[in-house]
Amino acid sequence: MVELTLPKNSKVIKGKVWPKPDGAANLREYRIYRWSPDDAENPRLDTFYVDVDDCGPMILDGLLWVKDNIDPTLTLRRSCREGICGSCAMNINGANTLACTKGMDECGKGNIAVHPLPHQPVVKDLVTDLSKFYEQHAEIQPFLQSNDNPAAEHSQTPGEREKLDGLYECILCASCSTSCPSYWWNGDKGDENEYLGPAALLQAYRWLQDSRDDERNARLDMLEDNFKLYRCHTIMNCTQVCPKGLNPAEAIAGIKRMLVERSR
Amino acid sequence: MAASILHRVTGAAQYGGAILITVWLAAAAMGDDAYTTVQSIFGSPLGLMILVGYTWSISFHLINGLRFLFWDAGYGFSKETATLTGWVAFVGSIILTSLIWAMAMVMGAGS
Amino acid sequence: MSQKGTAHFIFQRGTALVMIPLVIWFVIALISHADDTRPELMVWIAKPWTALPLGLLILAGFFHMRLGIEILIDDYIHKPDTRGMLLFLNTLFALILGAVALWSIIAITLIV
């Protein structure tokens with residue numbers, strides 16, 4: 001049965017309120033989820049006051065300012081700081097997005113709540129275990145399977161190449177899949193009753209739409225059971241949160257249409 | 001998002017709706033006593049409230065279902081369109097329910 | 001196992017499409033017959049152009065309902081035994097209710 005409450009040791013308790021920085025004219029309050037595997041404590045929400053004049057405008061800038069100036073143990077993933085690597089995906093004020101492309105000015109005037117991606121195992125603080133997510137991506141065989149053996153490149157017209165627009169740009173940040181209720185309830189089953197999630201399915205569509213690929217039928221066969229694809233009920237949280245502006249819901253609907261057409 | 005869970009809730013509520021319709025049909029087939037009993041229960045204040053609620057439930061499920069069918073055909077997937085059509089479904093269902101019951105009352109319905 | 005997902009999807013959408021005109025017709029018809037006495041109602045239901053669409057609505061509707069609840073059970077119930085039992089009960093519910101509704105229509109047609 002779906003669990004309706006968190007287990008006792010997962011309940012988020014009130015955390016530490018860290019001191020305000022001296023002499024700061026403009027402060028922004030951050031409430032950040034903290035949990036460490038090294039102690040036996042429950043997760044907690046710490047309050048930090050960020051001097052916004054002393055750091056860049058993005059949420060990631062604020063988080064790194066906290067790490068540099070207040071609490072160096074704050075743990076998060078980050079790399080490119082420009083929205084292309086996908087490392088800093090997290091839940092900001094209730095919505096999944098990249099911390100490096102989310103401006104503090106887009107977060108209203110009140111405090112900024114920062115949580116790790118929902119319904120994922122937490123490694124520490126804002127870092128979640130994404131191994132399942134990557135496994136699901138691997139499962140859809142994200143590589144070209146062609147029977148041709150051209151002397152040079154596989155040819156593709158501009159029109160055919162256009163079909164990959166809106167699909168190839170995915171940076172696998174996991175914002176979409178971890179915002180999907182179906183993925184929460186069915187994304188980690190580990191057996192044949194597992195939903196692959198919007199990101200893996202968007203990539204599946206990317207390969208299904210690639211004119212150079214020859215394994216369309218086999219790819220569709222793999223998706224045809226009741227769970228891998230069909231747990232999608234067009235809830236559309238995925239499209240609402242994608243920080244790259246992609247549309248997993250539309251891609252998934254495209255796969256469903258392909259399956260209907262080939263069954264005629 | 002809200003429209004999605006509401007679609008599921010109104011769908012599940014059709015279990016109740018199915019019982020309502022079946023009971024009504026069966027009562028009509030079984031005899032005057034059965035039918036009069038069912039009519040009076042449906043016509044009671046609580047019964048009427050349930051019927052209005054059921055009308056709204058099926059209206060929302062139908063209009064939102066249309067949204068689903070358009071999505072399946074490939075239309076309406078942009079964030080803006082999806083949000084707008086969600087509101088249309090919600091407001092539309094309230095308007096539809098009001099229209100249906102207004103019509104029913106104008107026609108002097110006792111049930 | 002493999003064709004199941006797509007078949008469900010097609011049936012769900014198919015019954016939905018069929019039901020759009022049927023539900024609209026039924027609601028309007030029901031309103032205009034809301035004031036009927038039992039004999040009047042039965043005469044109306046017994047007519048072939050009422051009984052047939054109504055029968056079709058019952059069939060499509062209960063099939064659609066059963067499929068929808070099956071999806072819901074698959075989503076939320078993960079223990080195989082509980083799931084199997086609930087799926088069975090769901091089908092049973094739809095079958096029994098559908099049978100009663102269809103029988104009622106046939107009975108009315110025969111009585112009148």
Side-chain angles (χ1 to χ4, degrees), chain B residues 5 7-39 42-43 48 51 54-55 58-59 61-73 96-97 99-111, chain C residues 9-10 12-17 19-20 22-24 26-28 30-42 44-46 51 54-55 57-58 61-62 64-69 71-73 75-76 90 93-94 96-112:
Chain B
I5 193 65
H7 193 80
R8 175 159 280 195
V9 166
T10 53
Q14 297 317 310
Y15 248 33
I19 296 178
L20 286 177
I21 304 252
T22 307
V23 157
W24 177 73
L25 275 174
M30 290 199 307
D32 282 325
D33 282 342
Y35 189 67
T36 327
T37 314
V38 166
Q39 285 289 74
F42 279 13
L48 279 174
L51 284 180
Y54 174 60
T55 313
I58 214 170
S59 302
H61 197 84
L62 191 146
I63 301 180
N64 204 47
L66 284 172
R67 216 166 147 231
F68 270 98
L69 289 171
F70 274 104
W71 280 337
D72 291 332
L96 189 60
T97 308
L99 267 174
I100 291 174
W101 279 91
M103 263 175 32
M105 295 203 294
V106 157
M107 290 165 122
S111 74
Chain C
F9 180 81
I10 296 177
Q12 193 68 336
R13 270 54 180 180
T15 49
L17 279 166
M19 278 202 285
I20 295 173
L22 285 174
V23 165
I24 296 175
F26 183 62
V27 168
I28 296 178
L30 203 60
I31 295 173
S32 55
H33 287 268
D35 233 2
D36 282 7
T37 60
R38 179 167 170 261
E40 288 170 336
L41 185 75
M42 291 177 70
W44 171 62
I45 290 182
L54 188 56
L57 178 61
I58 298 284
F62 281 50
H64 184 95
M65 178 183 80
R66 176 194 158 258
L67 266 179
I69 301 293
I71 292 172
L72 192 151
I73 293 172
D75 269 358
Y76 296 138
N90 173 43
F93 179 83
I96 293 178
L97 228 54
V100 170
L102 283 172
W103 165 85
S104 306
I105 299 174
I106 296 173
I108 292 172
T109 316
L110 294 175
I111 294 173
V112 166

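Proteins come first, then strands; the chains are lettered A, B, ... in the order of their sequence lines, and each starts at number 1. Treat the numbers as computed from the prediction; the structure is a model and nothing was measured.
For B:Leu62, the part lying near chain C is the side chain, with the backbone staying farther off; criterion is any non-hydrogen pair under 4.5 Å. Interface residue C:Val27: only side-chain heavy atoms are found under 4.5 Å from chain B. Interface remark: C:Ile111 contributes side-chain atoms only to the contact with chain B (heavy atom separation under 4.5 Å). In this structure, chain B has no heavy atom under 4.5 Å from any part of C:Ile106. For chain B, the nearby part of C:Ile58 is the side chain; its heavy atoms alone come within less than 4.5 Å. Both the backbone and the side chain of B:Leu25 come within less than 4.5 Å of a heavy atom of chain C. Looking at B:Ile19, both its backbone and its side chain come within 4.5 Å of chain C, counting heavy atoms on both sides. Only the side chain of B:Asp72 has a heavy atom closer than 4.5 Å to any heavy atom of chain C. With a 4.5 angstrom heavy-atom cutoff, C:Ile45 touches chain B only via side-chain atoms. Contacts of C:Thr109 with chain B are absent, with no heavy-atom separation under 4.5 Å from either backbone or side chain.
Highest contact tally toward chain C, considering only B:Ala28, B:Gly17, B:Gly11, B:Ala12, is held by B:Ala28 [criterion: heavy-atom pairs under 4.5 Å]. Listed options B:Phe68, B:Tyr15, B:Tyr35 were ranked by heavy-atom pairs under 4.5 angstrom with chain C; first place goes to B:Tyr15. Chain C forms the most heavy-atom pairs under 4.5 Å with one residue out of B:Ala26, B:Ala27, B:Ala29, and that residue is B:Ala29. Your options are C:Val23, C:Ile28, C:Leu41, and the one with the most heavy-atom pairs under 4.5 Å with chain B is C:Leu41. Contact count against chain B (heavy-atom pairs under 4.5 Å) is highest for C:Leu97 among C:Leu97, C:Ile108, C:Leu17. Counting heavy-atom pairs closer than 4.5 Å to chain B, the top residue among C:Phe93, C:Trp103, C:Phe9 is C:Phe93.
Residue B:Ile21 holds its CD1 atom at 7.0 Å from CG of C:Leu57, rounded to the nearest 0.5 Å. To the nearest 0.5 Å, atoms CD1 (B:Ile100) and CD1 (C:Ile31) are separated by 5.5 Å. In this structure, CD in B:Gln14 is found 9.0 Å from CD1 in C:Ile69, a value given to the nearest 0.5 Å. The NE2 atom of B:His61 lies 4.5 Å from the NE2 atom of C:His64; values are rounded to the nearest 0.5 Å.
For the residue pair B:Ala18 and C:Met65, the shortest heavy atom distance occurs at CB-SD, 3.8 Å.
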